[in-house]
2 protein chains.
Amino acid sequence: MTAHDVAKAAGVSTGTVSRVINAHPAVAKDVRQKVLDAIDALGWQPNAVARSMRTASTRTIGCIFSDVRNPLYANIIQGAEQAFAENGYTLMVSSSGGDSSREAKLIQLFASRRADGLILSNADEDDAAIAAALRASNLPTVLVERDLPIEADSVGTDHRGGMRRAVEYLFSLGHERIALITGGRRTRAGRERVGGYLDAYEQAGKTPLPDMLRLESLSSDYAFSETQALLGMTVSPTAIIAGGNLMLAGVLRATQMMNVKIPDDLSIVCSGDTELAELATPSVTAIRWDLSAVGREAAKILINRLAGSIPSKPVRIEVANEIVLRKSCALVRRG
Amino acid sequence: MTAHDVAKAAGVSTGTVSRVINAHPAVAKDVRQKVLDAIDALGWQPNAVARSMRTASTRTIGCIFSDVRNPLYANIIQGAEQAFAENGYTLMVSSSGGDSSREAKLIQLFASRRADGLILSNADEDDAAIAAALRASNLPTVLVERDLPIEADSVGTDHRGGMRRAVEYLFSLGHERIALITGGRRTRAGRERVGGYLDAYEQAGKTPLPDMLRLESLSSDYAFSETQALLGMTVSPTAIIAGGNLMLAGVLRATQMMNVKIPDDLSIVCSGDTELAELATPSVTAIRWDLSAVGREAAKILINRLAGSIPSKPVRIEVANEIVLRKSCALVRRG
DNA sequence: TTGTATGCGTTATCAA
DNA sequence: TTGATAACGCATACAA
């Protein structure tokens with residue numbers, strides 16, 4: 001079933017069929033109707049592959065994240081998909097498992113599939129192979145929570161400000177020994193979180209104990225083991241910040257196992273709001289932002305960029321965050 | 001940059017270039033090397049669109065779920081993606097928002113994009129437009145947790161058995177008034193859950209009170225309002241089963257708000273294990289199964305079907321489930 | 001073993 | 001306003 005069949009059925013040429021489905025103005029009304037009737041009768045749909053071949057556009061966007069199961073990325077994907085779908089784009093998604101070399105391969109894969117653009121949140125900003133693959137692919141790219149040495153648009157949230165306010169809030173409750181468990185040292189998001197933490201200490205004229213910083217991984221398991229280690233110290237933290245939305249689970253597993261009373265013995269704040277934070281007992285104070293909006297903004301930028309309707313200078317969008325006060329934080333115990 | 005450029009650089013014809021990248025045996029070793037060198041030097045990658053045009057295969061699979069943010073689907077997608085990626089397939093994902101007419105459009109979209117196959121978990125099995133679109137598309141399809149009047153492979157878990165065992169477990173604790181809050185009446189999964197519940201009652205020679213069944217929606221909000229309604233009844237349930245993995249949050253919101261003591265005042269079981277079930281206080285007994293395996297099995301079936309290595313008769317795979325006993329269930333209070 | 005030539009189903013250019 | 005025709009980049013049948 002091709003445009004040729006439709007043309008024959010409607011008694012016109014394939015060119016006219018093409019003009020009709022592409023809403024070309026120069027088609028007589030009655031001819032147009034004849035073609036539409038034939039399309040209906042035959043149930044023809046244009047072959048998108050052939051169309052892509054001719055137009056050099058697939059209306060397809062490649063998405064690369066470490067893991068689509070992470071609600072952080074699932075929400076971003078959902079927001080992006082909605083905006084893209086409204087504009088006739090389809091999303092190809094892939095999980096890299098946080099493997100940088102796989103990410104480079106995926107960039108090449110999407111390039112060979114002739115995606116029109118890319119949404120990328122890669123594992124390691126310092127891996128030159130990623131930037132190189134991106135440059136070689138020549139694909140318009142929106143980075144999510146990342147910074148790379150290429151000309152690319154980017155979207156993210158203000159992790160630095162959010163973390164600074166979280167620490168300041170804990171200061172206001174009298175906490176001084178605030179542990180930060182997080183990862184992503186080689187990503188903008190990770191660096192900003194640590195930066196915000198240090199900013200708060202510096203502005204308050206305080207110095208954090210170095211062993212309060214646990215910066216090696218964003219995994220739940222890491223949060224679990226580091227929480228145990230922190231709480232086992234002779235000078236242990238009075239508050240823990242879980243800087244990554246998978247980590248609260250690990251912190252809670254550890255505190256439940258060790259029978260630590262929240263917030264009496266320990267205050268907890270997490271970065272990234274989840275149902276777990278809301279419904280845990282006690283509920284957990286969180287740094288929250290609109291994840292769908294991150295995806296939506298990324299999509300909007302890419303759509304506009306592909307339409308040529310924004311200047312070549314890279315665009316940066318920051319989605320605001322806020323602290324949701326719940327019941328996991330209390331005044332630090334004296335003595 | 002095309003195969004032509006590579007051919008010129010290597011001093012061969014495009015046919016030879018094609019044979020090299022497709023591992024055709026009839027290529028001399030030295031010629032092969034020359035071509036590989038040229039490919040390397042030029043950094044050429046075959047255009048997948050042109051290749052698809054010629055081979056009538058895109059090595060692309062369309063995925064249609066109600067919402068990729070639902071961990072149920074996110075996990076399935078992840079499992080499927082892994083198996084597909086290993087076989088050179090790329091996933092196109094889309095969320096329908098549970099809108100049947102959008103699902104039909106998505107089926108057509110993926111058909112026009114010439115996906116090689118489909119993974120589908122649609123909202124309403126009774127909507128004839130879905131089956132019609134599927135038949136018209138002629139795409140090999142694997143249904144996930146669904147049954148449709150078409151010849152299609154399917155994957156799912158044993159909801160009937162899982163639910164039956166959950167009810168039997170509650171019987172063993174002395175519960176008689178067990179409420180079931182769930183939805184998906186027009187899906188296999190939903191019907192099986194209700195079937196399992198009724199099976200258990202029948203086998204025990206008991207009859208459930210009709211108002212213990214709340215079967216209108218799988219949403220968290222529905223679970224919230226129905227839990228409130230159930231607990232407000234004069235003859236209220238002593239146990240609630242949340243039959244859908246988004247629903248536990250709604251049940252917990254309601255019980256927390258109403259200050260209901262779990263498990264003293266009420267026992268809870270949920271279908272679909274989550275971090276929330278594990279880490280809530282008390283932890284919640286759950287019907288659990290391997291979600292990635294569901295996606296992986298769906299992918300395997302499709303891969304084999306596309307390779308022509310399975311018989312035309314539809315394949316059905318059932319992933320086993322089990323009940324994880326936690327602390328949300330107790331002996332029913334007498335008096 | 002290799003090259004040549006054709007066609008996949010569109011869109012777009014050019015002529016009529 | 002419409003039709004004929006030439007690409008798009010690859011894979012493959014056929015010829016050599």
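Below, chain A is the first sequence line, B the second, and so on; all start at residue 1.
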Exercise for the section: May I have the distance from Q45(B) (atom CD) to dG9(D) (atom C1'), rounded to whole angstrom? Expected result: 14 Å
Problem - For atom CZ of R51(B) and atom P of dG9(D), their distance in whole Å - result: 15 Å
Exercise for the section: Could you tell me which residues satisfy ring-ring contact (aromatic ring centres under 6.0 Å, His included) with W44(A), sequence neighbours excluded, listed by chain and number? Expected result: none
Problem - Rounded distance (Å) that lies between atom P of dA4(D) and atom NZ of K8(A) - result: 13 Å
Exercise for the section: Could you name each residue pair satisfying salt bridge (Lys or Arg N to Asp or Glu O under 4.0 Å) that touches residues 117-126 of chain B, not counting sequence neighbours? Expected result: D124(B)-R186(B), E125(B)-R191(B), D126(B)-R186(B)
Problem - DNA chain C contacts made by residues 23-40 of chain B, counting heavy atoms under 4.0 Å - result: A26(B), V27(B), A28(B), V31(B)
Problem - Which residues share a side chain to side chain contact (heavy atoms under 4.5 Å, CB included) with P149(B), sequence neighbours left out - result: A131(B)
Practice task
Round to the nearest Å and state the distance from H4(A) atom NE2 to dG3(D) atom C1'.
Solution key: 13 Å
Exercise for the section: Take atom CZ of R114(B) and atom P of dC8(C), then tell me their distance rounded to the nearest Å. Expected result: 14 Å
Practice task
Could you tell me the separation between the CG atom of L42(B) and the P atom of dG9(D), rounded to a whole number of Å?
Solution key: 15 Å
Handout entry: OP1 or OP2 of dG9(D) under 4.0 Å from side-chain N/O of T2(B)
Key = no
Problem - Rounded interatomic separation in angstrom, taking CG from N47(A) and C1' from dG7(C) - result: 14 Å
Which atom pairs link the protein and nucleotides 12-16 of chain C when you take only N or O atoms and keep those under 3.5 Å?
unit_1: dA12(C); atom_1: O4'; unit_2: R54(A); atom_2: NH2; d: 3.4

Completion exercise
Partner of N122(A) under side-chain contact (heavy atoms from CB on, under 4.5 Å), picked from V144(A), T187(A), I130(A), is I130(A)
Problem - Listed once per pair and sorted, the ring pair (Phe, Tyr, Trp, His ring centres under 6.0 Å) pairs that draw on residues 67-86 of chain B, sequence neighbours left out - result: F65(B)-Y73(B), F84(B)-Y89(B)
Practice task
Would you indicate which nucleotide in dG9(D), dC10(D), dT4(C) comes nearest to any side-chain atom of M53(B)?
Solution key: dG9(D)
Practice task
Verify the distance criterion only: is there a donor paired with an acceptor across the side chains of R102(A) and S96(A) at less than 3.5 Å?
Solution key: no
Handout entry: Criterion salt bridge (charged side-chain N to carboxylate O under 4.0 Å, His left out) on K105(A) and E103(A), from CA distance to verdict
Key = CA-CA 5 Å; K105(A) 290 214 183 68; E103(A) 286 164 355; over 6 Å; no
Problem - Whole-Å gap separating P (dG9(D)) and CH2 (W44(B)) - result: 12 Å
Completion exercise
Nearest heavy-atom approach of A299(A) to A83(A) is CB-CB, 3.6 Å
Problem - Donor + acceptor pair across side chains of E81(A), S94(B) (<3.5 Å) - result: no
